[in-house]
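Heads up, the thing below is written out as structure tokens.
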Amino acid sequence: MRPAGETDSTDGVVPTRRLLVSGNWKMHLTHLQAITLVQGLAMHLGARDERVEVGIHPAFTSLRAVQVFLEGDDIPLVLGAQNVSSEHEGAFTGEVSTSMLAALGVRYVIVGHSERRRLFGETDEIVNEKIHAVQAAGMTPICCVGDSLEDHERGATDDVVVGQVTAALQEVAADAVAGMVIAYEPLWAIGTGHSAAPGDAEAVCATIRGAVAGLFDERVSQSLRVQYGGSVEPENAAAFFAQPDVDGALVGGASLDAARFAAIVAAGSK
Ligand code: 13P
């Protein structure tokens, strides 16, 4: 963990960014299995730690059951969704709106995950529209950006990621950007067991923060949280959290196991 209230040479006191550890459950678990996982998390997570915020992103079909369970037992997990429509309401068969999610107590919405960009044709423009919609409904977007293996191998990571960030934040108000989350998820690290090296993840997260400083200002960039995602495990989480520009993790596979996800959260409390 970084010490609170660091100062920098430009703006005085830098806001302390709380780590955000988010579990993206993807298309796994029925609502009954989701409740079992939440029960397991409640057991394994232990006492609240104000320094680490913990979110879970079940499938749409599990949101209501998980919401009721979290509220009923006062479990300190924040509810998130994996996707949302940019449309407010109407004849959009199969879509889910921001107001539907907000009514379930959803606080974070993942936008532009690489699986949605790659498999479901989400463009930078759609990602930008979704970010606006999520913020208009009073929720916080977790905007995913990331380089492909080909981008990585030809040294284009920074260009690709900065391009995605710039497009995603078009016409977004500075204060909204200051409160949002960007997740750097290299495509080649997702579900592969081969994470980015923590120092390399730090370099890209710092580049993202620098790009936001250029688009907005230093205050906004220092307030924004940047997560790393891609094969985060209990064994490597602490090394990511020790990086000054990595403000948490977006966890896929390991978030489906209560003990492993709790161990990742615990790595952020040390
Ligand atoms: P894994 O942790 O399974 O690599 O998935 C990362 C991810 O895509 C989270 O959104």
Side-chain angles (χ1 to χ4, degrees), residues 19-29 33-34 37 41 52-60 62-63 66 77-84 101 106-120 122 127 130-131 134 139-149 151-152 157 160-161 164-165 168 180-198 200-201 204-205 208 225-241 243 246-268:
L19 285 184
L20 174 63
V21 179
S22 308
N24 175 8
W25 294 359
K26 306 193 179 182
M27 197 172 75
H28 294 287
L29 312 181
Q33 292 166 328
L37 179 53
L41 285 171
V52 188
E53 188 177 11
V54 186
I56 50 174
H57 297 249
F60 288 139
S62 300
L63 284 174
V66 171
L77 291 170
V78 179
L79 194 56
Q82 300 174 18
N83 184 28
V84 72
L101 296 182
V106 166
R107 294 249 293 277
Y108 290 99
V109 183
I110 296 172
V111 173
H113 192 281
S114 62
E115 287 150 16
R116 297 222 53 90
R117 292 179 190 256
R118 195 166 47 84
L119 303 172
F120 300 98
E122 275 191 20
V127 171
K130 290 187 176 188
I131 287 173
V134 169
M139 299 179 292
T140 300
I142 297 178
C143 173
C144 298
V145 297
D147 50 333
S148 67
L149 184 60
D151 299 329
H152 177 66
T157 296
V160 167
V161 166
Q164 290 171 333
V165 168
M180 71 178 273
V181 182
I182 293 178
Y184 169 53
E185 295 206 311
L187 275 61
W188 43 271
I190 295 177
T192 60
H194 301 292
S195 68
D200 293 346
V204 181
C205 291
I208 290 170
R225 288 184 289 180
V226 185
Q227 293 177 312
Y228 167 75
S231 297
V232 175
E233 307 281 348
E235 296 75 19
N236 62 20
F240 288 109
F241 299 153
Q243 306 298 323
V246 178
D247 305 315
L250 185 53
V251 185
S255 72
L256 295 170
D257 180 307
R260 291 177 69 71
F261 189 61
I264 291 171
V265 172

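Just so you know, ligand 1 is whichever comes first in the structure, and atom 1 is the first atom listed for that ligand. Predicted, not measured: the structure shown is a model, and the values here were computed from it.
In this structure, a donor-acceptor pair under 3.5 Å is absent between the side chains of D151 and W188. Side-chain polar atoms of E185 and H113 form a donor-acceptor pair below 3.5 angstrom. In summary, the side chains of S22 and Q227 do present a donor paired with an acceptor at a separation below 3.5 Å, with no hydrogens or angles considered.
In this structure, A183 falls outside the shell of residues with a heavy atom less than 4.0 angstrom from ligand 1. Using a 4.0 angstrom heavy-atom cutoff, A254 does not count as in contact with ligand 1. Distances shorter than 4.0 angstrom occur between a heavy atom of G230 and an atom of ligand 1.
Looking at K26, Q227, E115, it is K26 that brings a heavy atom closest to atom 8 (O) of ligand 1.
Residue contact check: G253 has heavy atoms under 4.0 Å from atoms 1 (P), 2 (O), 3 (O) of ligand 1. Of all atoms in ligand 1, listed by their number and element, those nearer than 4.0 Å to a heavy atom of E185 are 6 (C), 7 (C), 8 (O), 9 (C), 10 (O). Proximity to G191 (heavy-atom distance under 4.0 Å) selects the following atoms of ligand 1: 1 (P), 3 (O), 4 (O). When each atom of ligand 1 is checked for a heavy atom of L250 under 4.0 Å away, the hits are 9 (C), 10 (O). Less than 4.0 angstrom separates some heavy atom of A189 from each of these atoms of ligand 1: 4 (O). Those atoms of ligand 1 with a heavy atom of H113 less than 4.0 angstrom away are 7 (C), 8 (O), 9 (C), 10 (O). Of all atoms in ligand 1, numbered sequentially from 1 with element shown, those under 4.0 Å from a heavy atom of N24 are 9 (C), 10 (O).
Within the 3.5 Å criterion, the main-chain N or O of S231 finds a donor-acceptor partner in the side chain of N236. Looking at H57, its side chain never comes within 3.5 Å of a backbone N or O of G23 through a donor-acceptor pair.
With hydrogens left out, the protein atom closest to atom 2 (O) of ligand 1 is G252 N, 2.8 Å, a heavy atom.
Shown here is R107, whose CZ atom has no more than 12 heavy atoms of other residues, nucleotides or ligands within 6.0 Å.
In this structure, CG on L37 lies 6.0 Å from CG on L29, to the nearest 0.5 angstrom.
In this structure F240 satisfies the ring pair (Phe, Tyr, Trp, His ring centres under 6.0 Å) test together with Y228, sequence neighbours excluded.
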